[in-house]
S.K.: 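Take a look at the following structure, please.
All ligand and atom numbering here is 1-based and tracks the order in the structure.
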Amino acid sequence: MSITYMEKERIFRLDTQESTYLLGIVGSEGFVGHLYYGKKIKDITGVQELYRVHENPYTPDENNRDRLSFYDCFPFEYSGHGIGDFRESSIRAELADGSRAGKFTYVSHEIIGGKEKLVGLPATFGTTENAESLHIRCKDSVSGLTVVLKYSVFADVDAVIRSVQVINEGKEEIKLTKVMSASLDMEAGSYDALTLHGSWARERHMERKPIGHGWFGVSSNRGESSHQEHPFLGVLAQDAGQETGEVFGFQLVYSGNFIAKAQMSQFGGVRVVIGIEPEDFCWKLAPGESFQTPEAVLVYSHEGLGGMTRSFHDLYRNHLIRSPYLHKKRPILINNWEATYFDFNTEKIIDIARESARLGIELMVLDDGWFGNRFDDNRSLGDWKVNEEKLPGGLAYLAEQINALGMKFGLWFEPEMISPDSDLYRAHPDWAIAVPGRTAGLARNQYVLDISRKEVRDAVLEQVFAVLHSANIEYVKWDMNRPLADLYSAGLPADRQGELYHRYVLGMYEMQERLLEEFPNLLLENCSGGGARFDPGMLYYSPQIWCSDDTDAVERLMIQEGTALIYPLSAIGAHVSVCPNHTVGRTTPFVTRGNVALTGTFGYELDITKLSEEEKTMVSRQVKMYHTLNDLVREGDYYRIASYGENHLYDCYQVNSKQKDEALLFYTQVLNEPNMHGRRIRLSGMNPDACYRVYLVDCEKDPFLQETDRVFSGEVLMNAGFIMERLWGDFRSKLLFFKQIS
Ligand code: DGJ
């Protein structure tokens with residue numbers, strides 16, 4: 001890792017282990033131009049040609065006849081607005097006189113050891129030993145508006161982190177109506193876009209399609225990163241595959257409205273921008289004030305999608321997730337939601353806990369319905385006081401009973417919400433987000449609390465803290481079950497209403513930060529109606545996020561595949577639930593449900609007292625499987641071998657230890673076929689010089705780990721492959737463990 005400034009060439013070079021990022025200062029004006037992002041280059045002699053300023057339409061230095069043509073094709077590192085670069089702009093600010101033009105040129109720079117924290121925002125972190133940063137100051141000479149372009153690289157990960165600080169150094173107030181976190185001009189080529197899209201219970205399905213002329217993008221205007229689109233855009237060379245070819249990944253470390261766009265220009269180059277969605281965004285900046293964007297992560301891989309995935313996983317594990325639980329086995333949890341929904345009492349929860357403890361489960365989580373008059377989802381959000389009718393003796397008694405069984409106790413909250421039928425709403429109707437004179441739309445019978453207001457945050461946290469201090473609660477599930485709409489804050493003046501979406505997100509981050517400060521040992525799991533806020537911003541606060549309300553093992557194959565494209569398996573909340581499944585009515589084998597959940601955080605979400613004896617035996621073996629395999633799953637390198645979403649028949653992925661001495665292969669035959677031979681499977685990332693013995697991992701067998709006489713060389717496994725036998729029936733799954741023996 002290093003950042004250097006080559007004074008003579010006026011070029012900045014940012015190097016990671018495998019990639020190089022080059023930008024520089026051009027012309028007497030000091031335009032900041034992008035030169036190159038790709039495979040590592042040691043000697044960059046001659047690279048300046050890529051500014052293309054010697055081509056039509058002429059250089060900025062030598063030709064003043066056609067400035068617009070220059071502006072419209074120069075690879076601006078961060079393009080201004082309204083001056084003749086007709087491609088997607090990076091920033092738009094309205095000055096006091098109503099004008100919106102801005103042109104930013106180089107003023108100064110500094111190279112700094114380590115990585116700064118961003119006030120109020122989640123951000124990647126690093127030390128002076130393992131990170132280096134570059135800040136380039138650019139200014140619009142007319143308005144005095146300054147942008148500081150910030151870059152960081154790390155010693156151990158192939159990623160470039162970017163963000164922008166905008167400072168009003170002028171004399172008058174300005175309105176910022178667009179501010180991207182990063183912009184990247186890529187050379188002409190044939191590219192595909194890869195995005196993650198979905199819906200409730202169908203999150204993060206992968207979609208790949210060619211990028212043509214015009215623009216292609218994904219965004220959210222729901223106030224959350226959303227079920228529907230994801231703050232990620234992959235730009236792939238069209239010949240890039242799973243483990244070969246060039247792939248660029250762009251992601252925003254943010255949990256609110258976002259946009260990621262790829263735009264192909266008239267010359268075939270592609271400009272990518274990523275940042276806060278400008279629609280409904282307007283931020284007032286008085287002279288001297290500044291605005292910091294969320295961070296954008298850029299990952300380059302010349303080892304296809306797999307290389308990109310492994311860089312994201314390492315980046316987030318090493319430089320984003322702060323939780324003390326990150327590198328620990330999380331307690332295996334059981335959650336009562338699908339077991340009881342709102343219909344429970346102390347006795348029922350203790351029954352579930354008793355049986356769970358007997359089988360080795362370690363944490364009992366009480367979900368929605370423990371507070372106020374919450375007998376259904378029509379009421380009581382905001383009234384965070386235990387319902388003693390359901391839970392006589394309160395949470396302290398329940399936690400004591402559960403602790404006495406040798407289990408930890410955890411609790412669900414939805415702190416950002418308010419029910420119209422709640423004491424909180426009756427006392428403070430203006431705390432709900434709603435436009436004056438309009439009836440706000442309900443979603444799941446609830447409104448969103450205006451947590452951009454400090455008094456609202458304080459009042460909610462006071463209640464939450466009181467509950468958490470009242471009993472031994474070691475885990476919290478923080479839920480958020482509806483998007484934002486009817487945007488208006490009674491706490492903001494008219495000319496600041498455009499700040500509400502972002503202020504809401506900042507308010508939520510502040511609440512989570514305060515929660516963790518007050519309870520530093522708390523295991524926090526974020527959630528949003530399943531996985532509507534599964535994003536890197538939330539991972540800064542919680543090491544795991546509930547991935548989806550869909551717990552069906554087959555649906556989870558695609559949901560977890562798309563999630564694992566970016567996020568480490570240690571972050572993916574996954575539970576075994578009952579069949580027929582509550583979302584799709586499908587019945588899958590208990591073994592398959594266990595295997596799929598084992599590739600996430602692993603837990604249960606069912607009435608364990610109602611399982612058959614045979615299933616309970618499998619639970620106790622799955623618990624042992626988790627304890628045996630979780631270090632590998634949590635810390636290993638992920639390889640996608642085959643995708644059910646693509647072939648519609650089977651799914652296969654692999655996790656290798658960093659030392660390559662162990663590998664775990666997850667195989668699911670979703671649909672059986674008549675008269676079929678076994679399938680040839682080729683592994684990835686093995687040590688070619690080693691030999692491996694195969695073990696079968698099966699919770700139907702005692703012991704669950706069965707040594708076989710199959711031995712393969714790493715070279716055979718990767719090139720020739722081995723035969724995965726045909727399984728009998730649909731939805732059948734097999735787990736194989738490969739252990740190096742020589
Ligand atoms: C949505 C979550 O995803 C579920 O797991 C559950 O906690 C419900 N909310 C409770 O309302």
S.K.: Report, as yes or no, whether the 6.0 Å neighbourhood of atom NZ on Lys408 holds more than 12 heavy atoms from other residues, nucleotides or ligands.
M.R.: no
S.K.: Using the test ring pair (Phe, Tyr, Trp, His ring centres under 6.0 Å), find all partners of His648 that sit at least two apart in sequence or belong to another chain.
M.R.: none
S.K.: Write down, by chain and number, every protein residue that brings a non-hydrogen atom to less than 4.0 Å from an atom of ligand 1.
M.R.: Trp337, Asp367, Asp368, Trp412, Arg444, Lys477, Asp479, Asn481, Cys527, Gly529, Gly530, Trp546, Asp549
S.K.: Tell me the closest heavy-atom pair linking Gly441 and Arg482, and the distance in Å.
M.R.: O-NH1, 2.9 Å
S.K.: Could you check Asp368, Asp376, Asp479 and say which one makes a salt bridge (charged side-chain N to carboxylate O under 4.0 Å, His left out) with Arg444?
M.R.: Asp368
S.K.: Hey, could you give me the OH/OG distance between Tyr541 and Ser323, rounded to the nearest 0.5 Å?
M.R.: 13.5 Å
S.K.: Please find the pair of heavy atoms, one from Pro420 and one from Arg426, that lie closest to each other, and give the distance.
M.R.: O-NH1, 4.4 Å
